[in-house]
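Basis for what follows: all heavy atoms, side chains included, without hydrogens, waters or symmetry-related copies. Both counts, for ligands and for their atoms, begin at 1 and track the order of listing. Along the sequence shown, residues are numbered consecutively beginning with 1.
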Amino acid sequence: MSGYLLEMKGIVKKFDGVPALDGIDLQVRPGECIGLCGENGAGKSTLMKVLSAVYPHGTWDGEILLDGRPLKAQSIRDSEAAGIVIIHQELMLVPELSVTENLFLGNEITLPGGRMDYPAMNQRAEALLKELKLNDVNVVLPVSNYGGGHQQLIEIAKALNKNARLLILDEPSSSLTASEIQVLLEIIRGLKAKGVACVYISHKLDEVEAICDTIVVIRDGKHIATTPMQDMDVRRIISQMVGREMNQLYPKLERTQGDIVFEARNVTCYDIDKPERKKVDKVSFTLRRGEILGIAGLVGAGRTELVSAIFGAYQGASECEVLLNGARIDTATPLKSIRAGLALVPEDRKQHGIVRDLDVGQNITLSVLGRYARFSRIDREAELKTVAEEIARLGLKTASPFLPITALSGGNQQKAVLSKMLLTRPKVLILDEPTRGVDVGAKFEIYKLMLELASQGMSIIMVSSELAEVLGVSDRVLVMGEGRLRGNFINQDLTQETLLAAALDHTHE
Ligand SMILES: Nc1ncnc2c1ncn2[C@@H]1O[C@H](COP(=O)(O)OP(=O)(O)OP(=O)(O)O)[C@@H](O)[C@H]1O
Ligand SMILES: [Mg+2]
């Protein structure tokens, strides 16, 4: 007996002849948590899709052994029956179904005679959510009533309901708050103690460091190293991931700022369901030419609502006055905002960022298609030239511009969305969580690009939940709490503690 719960041997997976996985080995012991690390496009999600039979046996080469015996799962159902459960990087919930219905989809509790036993399922659903400390969810309401963080936790609850022997978590924490992440890590510790094995994928390496026993690094579809966490630290993980030492996580660029060019006055957003409640309450701020303004705050502080209202993309009712170069501009809809010189890269890539039915290139040029219109035709050559330039500029990893956008790894989809908005050549660029799911090396490239754009005179607003990132790139930081502005700090000797204290402060308004 090897002592392994699971072994993957020499896994090769090709897409149109191009290998995404090129002979990967992976071993997992019972109760062990593997941190699977690698850059965007390294092959992490693909490897886990092979393991969970999203790609059935026969569509890849190599071998999977479970308890030392070959596993030839033909479907997710087969792999789940064998105890392998995956929480996907992109949410897979059905928005129209209730929380309970989602939790039990394909796994329903039935009464004798075959009817669904809703009371039993609702009760179990409530218990599951309680384990995740989700106390404000009504399980009979549609999942779409809840925000990204809650949906992510519901997705996790769904997996916990399946009695996994091996639980795969692919970027489970990208929209969770710090305290939600702690709850998640605690649950994983509990599972490990019960002998459940985990594969944990996250670009937040401090989480990986906190929870994983073994670090497996892959790069370009190849295995680089397997190392016990006790012999590793975040720096070493990074250098194995990118293949060189990264001494600096935030680029530096000498810049000067100009006059005030942009102003938002009295931005107010009303709750969609309870219009008497304000999500954002009379927030005003200014922005200089070439300035990078970070907006920090806890999840739920109203940051996304603030920037979407400014851009005319807020779903509910909102009010605000927006000025560019001293003159009022109409930002009632995203299109008007773009015409006026604003651009917003939204937080929720899957819902608002990408167009799933279009290819990579079409997604990139979507917002500026008019530029390639020649009489009634589209100048495809000019369009493709731009696409090629953009792919090179952002280091976007794609086998071809004609791949469906959904075939790109998560971080590369993010780059495509960024590129789409940059092409509109905005005067004010608003980025909402721009590096969510982006690897350390690519983060560095995105920050560098932000600094360069700012030095050329573009003004940038960046909403981010990562305080280190806010401090790493902003010239000035606004802190929001409960829909109001709670602080406005020049980023000099500024610390995470100061920002957190401002975010949590209920007295100072
Ligand atoms: N359906 C597909 N068709 C073509 N290429 C694909 C497909 N799925 C994945 N790929 C390619 O395989 C490679 C690995 O992608 P994968 O999603 O596994 O990366 P990842 O390590 O999970 O990255 P990230 O950290 O960004 O999530 C990428 O180059 C991707 O473009
Ligand atoms: Mg992935």
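- Taking 4.5 Å as the limit, some side-chain heavy atom of T386 sits within range of a side-chain heavy atom of L423.
- Compare P404, A407, A399, S400 by their heavy atoms: the one nearest to atom 7 (C) of ligand 1 is in A407.
- In the vicinity of G411, heavy-atom distances shorter than 4.0 Å reach the ligand 1 atoms 26 (O).
- In summary, an N, O or S atom of Q89 is located under 2.8 Å from the Mg ion (ligand 2).
- Regarding atom 29 (O) of ligand 1, its nearest protein heavy-atom neighbour is G41 O, 3.9 Å.
- None of I238, D233, I237 except one satisfies the side-chain contact (heavy atoms from CB on, under 4.5 Å) rule with R235; the exception is D233.
- Ranking protein heavy atoms by distance to atom 15 (O) of ligand 1, first place goes to T46 OG1, 3.6 Å.
- At a threshold of 4.5 Å between non-hydrogen side-chain atoms, the residues D475 and R255 count as touching.
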Query raised in the report: Is there a side chain to side chain donor-acceptor pair (under 3.5 Å) between S474 and N491 once you walk through the steps?
Result: CA-CA 7 Å; S474 315; N491 188 7; 5.1 Å; no

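- Figure legend: cation-pi geometry between K13 and F15, with NZ or CZ positioned under 6.0 Å from the six-membered ring centre and within 45° of its axis.
- In summary, N40 places no N/O/S atom under 2.8 Å from the Mg ion (ligand 2), failing the contact criterion.
- Close approach of ligand 1 to A20 (heavy-atom distance below 4.0 Å) involves ligand atoms 12 (O), 13 (C).
- Close to ligand 1: H203, with a non-hydrogen atom less than 4.0 angstrom away.
- Among the atoms of L47, none of the N or O lies under 3.5 angstrom from an N or O of ligand 1.
- If you number the atoms of ligand 1 from 1 as listed, the ones under 4.0 Å from a heavy atom of Q89 come out as 27 (O).
- No side-chain donor from either of H150 and N145 sits under 3.5 Å from a side-chain acceptor of the other.
- Using a 4.0 angstrom heavy-atom cutoff, Q413 does not count as in contact with ligand 1.
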